[in-house]
2 protein chains.
Amino acid sequence: MHKPLTILDIARLSGVGKSTVSRVLNQDPKVKDETRERVNAVIREHGFEPSKSARSMRTRSPRLIGIIVSRLDSASENRSVRGILETLYARGYDAMLMESEFSPDKTDEHLALLARRGVDGLILFAFTGLDLDKLADWRDRLVLIARPWPGLASVCHDDEGAIALMLQHLLAQGLRHIGFVGVHAEDVTTGGQRLAGYLRVCTEQGLEPHYALGELDYQSGYQLAARLLQPQTQALVCATDTIALGVAKYLQEVGRADVVVTGVGNNALLRFLFPKVMSVDLGYKRAGHLAAEQLLAQIESGAAPCQLQAPSQLVE
Amino acid sequence: MHKPLTILDIARLSGVGKSTVSRVLNQDPKVKDETRERVNAVIREHGFEPSKSARSMRTRSPRLIGIIVSRLDSASENRSVRGILETLYARGYDAMLMESEFSPDKTDEHLALLARRGVDGLILFAFTGLDLDKLADWRDRLVLIARPWPGLASVCHDDEGAIALMLQHLLAQGLRHIGFVGVHAEDVTTGGQRLAGYLRVCTEQGLEPHYALGELDYQSGYQLAARLLQPQTQALVCATDTIALGVAKYLQEVGRADVVVTGVGNNALLRFLFPKVMSVDLGYKRAGHLAAEQLLAQIESGAAPCQLQAPSQLVE
DNA sequence: CTGTTAGCGCTTTCAG
DNA sequence: CTGAAAGCGCTAACAG
């Protein structure tokens with residue numbers, strides 16, 4: 001493993017000046033085809049790779065995007081991340097992936113790190129408790145995922161629509177006694193908006209709402225199911241697949257196989273354990289694509305921040 | 001937001017030469033305390049951050065470590081990653097985290113990317129099918145996790161010991177008819193080694209082995225449990241928590257609450273769904289710490305590659 | 001202990 | 001179309 005080649009080596013090897021090599025590297029159109037060919041041949045032959053650090057230093061752009069997810073081991077966020085990376089890589093950007101673990105402090109540290117690295121932009125999975133005001137510096141090179149914020153670009157899921165979709169589906173099957181197991185409304189999207197979807201359809205259809213709110217985990221689903229279940233209950237719509245897991249477990253224990261359970265998230269494990277549970281896919285991967293495209297549009301073409309929404313889809 | 005300050009600005013502002021500022025930045029001891037104070041004051045006052053790209057280019061070291069996990073949304077790998085990041089951050093390194101999805105091709109692409117970035121080192125979560133020969137170039141700045149390889153540094157889990165530990169625990173409780181639900185032996189660690197642990201203890205204790213091998217998912221556990229279960233079965237030891245999930249589900253369905261189920265991985269969801277299932281923690285986080293320390297020892301002090309093992313621990 | 005002087009590898013004027 | 005030259009911000013000899 002010898003010392004890595006530089007642009008100057010390639011220049012000498014192909015008998016041109018180093019600026020010409022640079023031009024070839026940067027797809028500058030005003031290089032004669034013949035010259036370009038020759039240089040490219042030498043580059044390929046020697047497996048030359050231009051130094052990212054040198055280029056970053058010169059252009060003040062490392063072609064690097066920061067991504068802060070809330071949890072790496074979240075199946076849904078992972079789907080979005082894969083979407084993001086697909087578009088990013090395709091456009092020649094690399095990514096630095098980090099995990100906030102829902103901690104504003106950790107997020108701040110990561111932001112500092114990304115600032116030191118001088119990343120070109122940031123995609124941030126927002127969460128309740130995040131201090132969005134600290135993001136002012138990032139405004140024009142930031143896309144939020146999962147939560148909108150005035151003046152900032154964002155890609156959101158259709159939380160309200162997802163629950164509404166599910167509810168309408170159940171109503172179409174003739175069910176009327178449908179309860180909702182949700183999350184306290186401090187959690188804006190998973191909590192407030194999904195509940196809102198439930199309440200909206202109830203109102204529209206003249207149903208009496210019947211719901212309970214708790215935490216984001218299966219334990220909570222289990223407990224709330226116990227509190228909510230009535231003899232006439234026909235279905236329990238849950239704010240997440242994780243909650244649905246707890247609910248389904250409770251129903252199984254008390255022998256209420258007649259009650260339909262639905263979740264949100266299209267989680268593979270849930271489907272295996274309780275195959276009859278229906279779910280809504282919030283369009284995570286699509287959201288990742290959208291976020292990355294929006295971010296690149298902003299940093300490359302100065303596009304204005306805007307608020308996008310990825311469509312939900314029923315999964316049976 | 002004005003143009004970022006440079007080392008030269010700080011030099012002028014504090015009335016010293018730029019090399020002195022550089023020395024202060026690099027904790028060079030031969031700077032007079034008084035001077036150091038003055039420079040540091042200016043740095044803090046102006047919130048100056050030295051440019052990573054410039055430093056990387058000069059030192060040919062971006063203080064950046066690549067981490068390739070097989071799946072980001074794997075709870076166990078996530079534990080290791082957190083361990084890795086803790087030590088890395090503490091030692092002033094940043095990380096580029098990527099996901100192989102068990103694909104050798106994806107891994108190659110990631111390796112190329114990391115090479116272009118000129119990262120200082122690499123921590124790679126090995127998997128069956130990975131072409132370890134391609135890693136020759138990385139030899140002295142690479143630590144493998146989960147699989148050893150001659151000549152390469154690695155941190156492994158005690159797969160064999162984990163199953164043996166569990167089996168001995170069950171035997172101590174007086175159980176004798178203990179089956180094993182595993183993974184085909186092409187998967188060296190999760191497959192071969194965990195089975196070996198089972199067989200070893202069976203031989204030592206004069207038990208007749210009774211086992212079945214399949215895939216890594218819950219479906220497989222479910223199917224194999226059906227095949228393996230006998231009237232006299234007292235316990236089913238599983239190669240992973242995921243498999244244990246499938247096994248526990250089958251046992252529940254056929255009403256065999258008397259059979260003890262155990263897994264490996266200390267998975268929170270499993271514990272909730274089937275609280276009685278016991279598990280072994282393979283020491284993932286610890287493995288992360290070890291891997292990062294070993295890697296830094298190699299790249300900073302030229303330590304030789306060596307093969308380490310993180311200890312397993314019973315979790316009830 | 002500290003300032004001066006060269007570059008690191010690349011992009012970008014500015015002249016040809 | 002192409003080359004020469006001037007840096008980007010920082011570190012590392014080398015003299016003081």
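Convention: sequence-line order gives letters A, B, ...; per-chain numbering from 1. As the structure is a computational prediction, the values presented were derived from the model and not from experiment.
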The test is salt bridge (Lys or Arg N to Asp or Glu O under 4.0 Å); show your working for A:Lys106 and A:Glu99 and say whether it passes. CA-CA 8 Å; A:Lys106 267 211 157 63; A:Glu99 184 181 38; over 6 Å; no
Can you check the [X] [atom1] to [N] [atom2] distance for me, whole Å?
| X | N | atom1 | atom2 | result |
| --- | --- | --- | --- | --- |
| B:Asp9 | D:dC8 | CG | P | 11 Å |
| A:Arg58 | C:dT13 | CZ | P | 8 Å |
| B:Ile7 | D:dA12 | CD1 | C1' | 12 Å |
| B:Leu8 | D:dG7 | CG | C1' | 13 Å |
| A:Met57 | C:dC10 | CE | P | 13 Å |

Could you point out which residue of B:Val69, B:Ile84, B:Ile67 forms a side-chain contact (heavy atoms from CB on, under 4.5 Å) with B:Ile145? B:Ile84
Starting at the 5' end of DNA chain D, which residue's closest nucleotide do you reach first, B:Arg23 or B:Ala54? B:Ala54
Distance test, side-chain N/O of B:Arg55 to OP1/OP2 of D:dT11, below 4.0 Å: yes
How many angstroms lie between CZ in A:Arg141 and CG in A:Leu295, if you round to the nearest 0.5 Å? 10.0 Å
Nucleic acid contacts - residues 11-22 of chain B versus DNA chain D, non-hydrogen atoms under 4.0 Å: B:Lys18, B:Ser19, B:Ser22
Please list, in numerical order, the residues of residues 28-43 of chain A that have a heavy atom closer than 4.0 Å to any atom of DNA chain D. A:Lys30, A:Val31, A:Lys32, A:Thr35
Could you walk me through whether B:Glu101 and B:Ser70 pass the side-chain hydrogen bond (donor to acceptor under 3.5 Å, both in side chains) test, one step at a time? CA-CA 5 Å; B:Glu101 297 179 57; B:Ser70 51; over 6 Å; no
What I want to find out is whether B:Arg63 reaches B:Asp120 closely enough, with some N-O distance under 4.0 Å, to be called a salt bridge. no
Ionic contact status for A:Arg79 with B:Asp73, cut-off 4.0 Å: no
May I have the step-by-step check of salt bridge (Lys or Arg N to Asp or Glu O under 4.0 Å) for B:Arg91 and B:Glu293, ending in yes or no? CA-CA 9 Å; B:Arg91 302 271 295 265; B:Glu293 277 157 14; over 6 Å; no
Side chains of A:Val16 and A:Ile10, heavy atoms from C-beta outward: is any pair under 4.5 Å? no
